[in-house]
Amino acid sequence: MPNGTTMKSELAALITAALEQLVSQGVLAELPDAAPQIDRPKDSSHGDLSCNVAMVLAKRVGMAPRDLASQLIEALPKNTLIDSSDIAGPGFINFFINPGHHTEVVRSILEQGSSYGHSETGAGRRVQVEFVSANPTGPLHVGHGRGAAIGDSLSRLLEATGWSVHREFYYNDAGQQINNLALSVQARAQGKDPAHPDWPTDGYQGGYIEDVATAYVAGETVQAADREITAASDVDNLDAIREFAVACLRREQDQDLKAFQVVFDEYFLESSLYDSGAVEETVSTLEQAGHTFEEQDALWLRTTDFGDDKNRVMRKSEGGYTYFVPDVAYHHNKWQRGFERVINEQGADHHSTITRVRAGLQGLNSGIPEGWPEYVLHQMVTVMREGAEVKLSKRAGSYVTLRDLIDWVGCDATRYFLVARAPTSQLTFDVDLALARSNENPVYYIQYAHARCASVLRKAGEDNRANPHQGLAYLHCLVEPETLALAISLGRFPEVVAIAAERLEPHDVANYLRELAADFHSFYNAHKVLEGAAETTKARLALVAATRLVIANGLELLGVSAPESM
RNA sequence: GCGGAAUUAGCUCAGCUGGAUAGAGCGUCGGUCUACGAAACCGAAGGUCGCAGGUUCGACUCCUGCAUUCCGCGCCA
């Protein structure tokens, strides 16, 4: 099987050929506009693949679905893919695939190795994924962790499907929140605590503020991914405190991300948009395009022209810009950088900005498509431990940090749990479940399957048994139901990756891996790999090697490690 | 009130963009190791897919109402 083709696409080609045949016979007036839909039936007695095209077309042709189905089967070209086919229910055509085709994937997998499952649909086009984008006012919390896990996995999926991916982290380094941060650090440096009468309104109360203040007074030097600052130690110099505090928290977040094994290509500063004049330029372009008006001393953008439910203020009566103006400038900058696609992974609480940003971009008349950029929004995360919700962290004070989770359950389990659920559903992170070492914990379940594969292969190597590739000559020995079921699952992987990337849903991969691990464990318990006839053993070793590769490739897409032993 | 998300087994969640008898894991009950790793496997029980209509060959899936939960809704970011 060549890279990129699947059983489904081979079957689709056969069915299309049959439809063309029916057109030439005059049974059909024309080909349907869409490609025939092919599904994997849930019930294996319904075959390996099924097609509903007869039911879809029947009405238009004026034939009974089952009659049309039967003519379609007659018209199928000769092939080695289909073992048999039948018509079932209201007019499904069920196809039973030649078992040899199922086990042939083992050959493809061993040949393609770490690239098995990958495709070139992105064709090297450029996509930017922006995620986390936390302001440097505190450690990353679990919500940021979910964003990091999803955003990074999305990036990996897009890379695996041929896109050229740019990972970006955007942060506000100059706004009101940063001012609060500086004031809070200053207050701490002056020996005040949150109970003090002069403690700043909206000041940050987390314990980390005190650490920053201590470091500032001590004149320490901090180094973050995108900056390095030495403290001035002067308690009255608010600008110096601000710069130092931002650097401290940037470093803190860098360390969190490093512990989470997430890496960015670029950190983009909101302040740079002011420095470069991009914000002013955005405003004047919108004004010139006639999308703005003045009212009550403020400048408004007519976002209602672009689907918003009310117009939005751009420049406040006191002269400053509202937050969405630099947001629009930022996204215009992304467009100018040539990203065909931009995907923003954010918490669902940012939902309301989508319409505004898109409206602002449309108003610029830069040829930006209406649905650009794309958004993946994730819902809230709550953390449970010992049956109760955890709401406080020692370090951050008011919320549970990402680092807390990593410390409790490790990077692998944290990443898996945060990425394994649909972003649209609220997530309950059960710390005790993530720590469990049994199949109630899917991370260990999948990793254990990988370690088992590695163990068998190791054992075969020690005994001087065959190299897994030798088994490729004996794939016909793979015949038992559990064995074929495993091979079929291995063959699904490319589809799973393609669909997950297309729908921007990394959790598809997590679910698939769980199912694959279950198929492997069933196979493993039913059939001894190393204790059969020589040819069967060789074939099974090839199957195990292929399974190990697919699990490793899948875990890689989630950013979870694939251990050789546990 | 407006907008978004959600509602599926006792619990945590899938459900391949409309297919056939709605699936996993945990939990419960019952079986499998002098072991290619039992961190596993096999089996059983467990469901009015929130409610009511609609669309059609066919609805957990799409549409319209209603209910409940979460999140947003400032000249805050």
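In what follows, chains carry the letters A, B, and so on, assigned in the order in which the sequence lines appear, proteins first and then strands, with residues in each chain numbered from 1.
- At a threshold of 4.0 angstrom between heavy atoms, the contacts of A58(A) with the nucleic acid are absent.
- Q176(A) comes within 4.0 angstrom of no nucleic acid atom, judged by non-hydrogen atoms across all strands.
- On a pure distance criterion of 3.5 Å, no polar donor-acceptor pair joins the side chain of S352(A) and the base of C73(B).
- Across all strands shown, N511(A) has heavy atoms under 4.0 Å from sugar-phosphate atoms exclusively, and none from any base.
- For Q447(A) and Y416(A), the side-chain atoms include no donor-acceptor pair closer than 3.5 Å.
- The side chain to side chain donor-acceptor pair (under 3.5 Å) test with N344(A) singles out one residue from H350(A), K334(A), E374(A), and that residue is K334(A).
- Here A88(A) lies in heavy-atom contact (under 4.0 Å) with a base.
- The pairing partner recorded for A14(B) is none, the criterion being a Watson-Crick or G-U wobble arrangement whose two distances lie under 3.5 angstrom.
- Heavy atoms of Y321(A) sit under 4.0 angstrom from primed sugar atoms or phosphate atoms, though from no base atom.
- Base pairing of C2(B) is made with G72(B), judged by Watson-Crick or G-U wobble geometry with both donor-acceptor distances under 3.5 Å.
- Across all strands, H351(A) comes closer than 4.0 Å only to sugar-phosphate atoms, never to a base (heavy-atom distances).
- With a cut-off of 3.5 Å on both pairing distances, A45(B) has no Watson-Crick or G-U wobble partner at all.
- Look at the P atom in both C62(B) and G19(B): the space between them is 11 Å, to the nearest Å.
- No donor-acceptor contact under 3.5 Å links the side chain of N525(A) to the base of A38(B).
- Contacts of D430(A) with the nucleic acid, taken as non-hydrogen atoms under 4.0 Å apart, are absent.
- Judged by distance alone with a 3.5 Å cut-off, a donor-acceptor contact links the side chain of Q296(A) to the base of C75(B).
- A donor N or O paired with an acceptor N or O is not found under 3.5 Å between the base of A39(B) and the side-chain atoms of Y444(A).
- The closest donor-acceptor contact from the side chain of Y399(A) to the backbone of P139(A) lies under 3.5 Å.
- Pair assignment for C51(B): G65(B), on the basis of Watson-Crick or G-U wobble contacts that are both within less than 3.5 Å.
- In a base pair of the Watson-Crick type (N1 to N3 plus N6-O4 or O6-N4) or a G-U wobble (N1-O2 and O6-N3), with each distance short of 3.5 Å, C36(B) is matched with no nucleotide.
- Only the C1' atoms considered, C51(B) is 23 Å distant from G46(B), to the nearest whole Å.
- Using a 4.0 Å heavy-atom criterion, one finds that R315(A) contacts no nucleic acid atom at all.
- Judged by Watson-Crick or G-U wobble contacts below 3.5 Å, the nucleotide U56(B) has no partner.
- Using a 4.0 Å heavy-atom distance criterion, F324(A) is classed as making no nucleic acid contact.
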